[in-house]
Amino acid sequence: DTEVTQTPKHLVMGMTNKKSLKCEQHMGHRAMYWYKQKAKKPPELMFVYSYEKLSINESVPSRFSPECPNSSLLNLHLHALQPEDSALYLCASSLVAGVGTGELFFGEGSRLTVL
Amino acid sequence: GENVEQHPSTLSVQEGDSAVIKCTYSDSASNYFPWYKQELGKGPQLIIDIRSNVGEKKDQRIAVTLNKTAKHFSLHITETQPEDSAVYFCAASKGGSGNTPLVFGKGTRLSVIA
């Protein structure tokens, strides 16, 4: 079983809606990540939080707004999305704050459909 | 920045045969090379990784080899089983000072035919 929990598993929203994706881990990891994955493609990095501070934003549109309330929780707030934003959104965590230095633990993802 | 090429994009093998997936990377400073397996409806899961100070690593039926000079690394699965069917992603990154996020290859869909 994955130790990174994402909710909801499925989300359907209209282009004018505001919704949030949530991610939780209790492994004591200090780095947390959001990835976007389209069908038959690799995960694409969106954001990295290191010690609850945003350390990487891969030029993601402002309609995606991340938040890290504490070391165990990561949110992704969604507003005014486009149909092309429909994808699987994966949360991941790693033990150390420095990216690229160890295993990423992924959640099972939240499948988002924008109508 | 780093660029990771992965081949083949699809691979079908008979149960019990071996499977090999190859990746090349462009940044000679990359020093961490993990392989992830993604089953249908699940997130990717690390199956093995190798760092640049090691040429080969093995874990039961899975092995990874790294050739730093040629900048390529490969995943070898022996005695394949139907449960090995999944999408496999290689990745590369640079750890330590000036670390960089993982860059993934495009993936290989492995089908093991019983």
Side-chain angles (χ1 to χ4, degrees), chain A residues 1-10 21 23-25 27 29-50 54-60 74 87-111, chain B residues 1-11 21 23 25 27 29-53 57 59 64 75 86-111:
Chain A
D1 290 343
T2 181
E3 296 182 73
V4 176
T5 304
Q6 291 187 242
T7 55
K9 290 194 185 306
H10 301 275
L21 305 181
C23 176
E24 192 168 355
Q25 58 87 15
M27 295 179 282
H29 290 178
R30 302 312 301 269
M32 295 187 77
Y33 311 72
W34 279 115
Y35 283 84
K36 174 183 177 180
Q37 187 177 30
K38 301 283 270 187
K40 299 186 179 181
K41 298 290 187 183
E44 294 176 39
L45 184 64
M46 300 174 71
F47 303 104
V48 181
Y49 272 83
S50 172
L54 183 65
S55 62
I56 293 179
N57 176 342
E58 292 285 356
S59 303
V60 179
L74 185 67
L88 181 68
Y89 288 84
L90 292 162
C91 173
S93 69
S94 64
L95 179 63
V96 295
V99 295
T101 56
E103 179 177 359
L104 287 182
F105 289 79
F106 283 90
E108 296 199 339
S110 293
R111 185 161 299 282
Chain B
E2 177 64 273
N3 181 47
V4 177
E5 299 281 342
Q6 182 173 347
H7 299 281
S9 57
T10 60
L11 179 60
I21 304 171
C23 290
Y25 59 99
D27 187 351
S30 288
N31 56 12
Y32 177 63
F33 308 93
W35 286 87
Y36 283 83
K37 175 183 180 182
Q38 187 171 23
E39 297 176 347
L40 197 61
K42 297 192 174 182
Q45 183 177 16
L46 180 74
I47 55 171
I48 196 166
D49 57 9
I50 191 168
R51 297 184 187 275
S52 58
N53 58 347
K57 185 176 178 180
D59 182 4
V64 57
L75 177 71
V87 179
Y88 291 81
F89 293 101
C90 63
S93 68
K94 184 167 56 179
S97 174
N99 59 64
T100 60
L102 282 177
V103 175
F104 286 91
K106 292 190 185 303
T108 296
R109 182 171 299 277
L110 174 65
S111 299

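Side chains included, hydrogens not; waters and symmetry mates left out as well; all remaining heavy atoms used. So you know, we letter chains A, B, ... as the sequences are listed, proteins then strands, and number each from 1.
- Of the two parts of A:Gln37, only the side chain, counted from C-beta on, holds a non-hydrogen atom closer than 4.5 Å to a non-hydrogen atom of chain B.
- Put simply, the side chain of B:Pro44 reaches to within 4.5 Å of the side chain of A:Leu90, judged on heavy atoms.
- With rounding to the nearest 0.5 Å, the separation of CZ in A:Phe105 from CG in B:Leu46 is 7.5 Å.
- Both the backbone and the side chain of A:Leu104 come within contact range of chain B, each with at least one heavy atom under 4.5 Å from a heavy atom of that chain.
- Between A:Pro42 and B:Phe89, the shortest heavy-atom contact is CA-CE2, 3.4 Å.
- Proximity of a side-chain donor or acceptor of A:Tyr33 to a complementary backbone N or O of B:Pro101 within less than 3.5 Å is not detected.
- Looking at B:Gln38, only its side chain comes within 4.5 Å of chain A, counting heavy atoms on both sides.
- Rounding to the nearest 0.5 Å gives a distance of 15.0 Å between NZ of A:Lys41 and CZ of B:Phe104.
- The local environment of NZ in A:Lys38 is crowded, with over 12 non-hydrogen atoms from other residues, nucleotides or ligands closer than 6.0 Å.
- Within a 6.0 Å radius of CD in A:Glu24, other residues, nucleotides and ligands contribute more than 12 heavy atoms.
- Comparing A:Gly109, A:Pro43, A:Ala92 by heavy-atom pairs within less than 4.5 Å of chain B, the highest count is held by A:Pro43.
- Contact of A:Gln6 with chain B is not made at all, since no heavy-atom distance falls under 4.5 Å.
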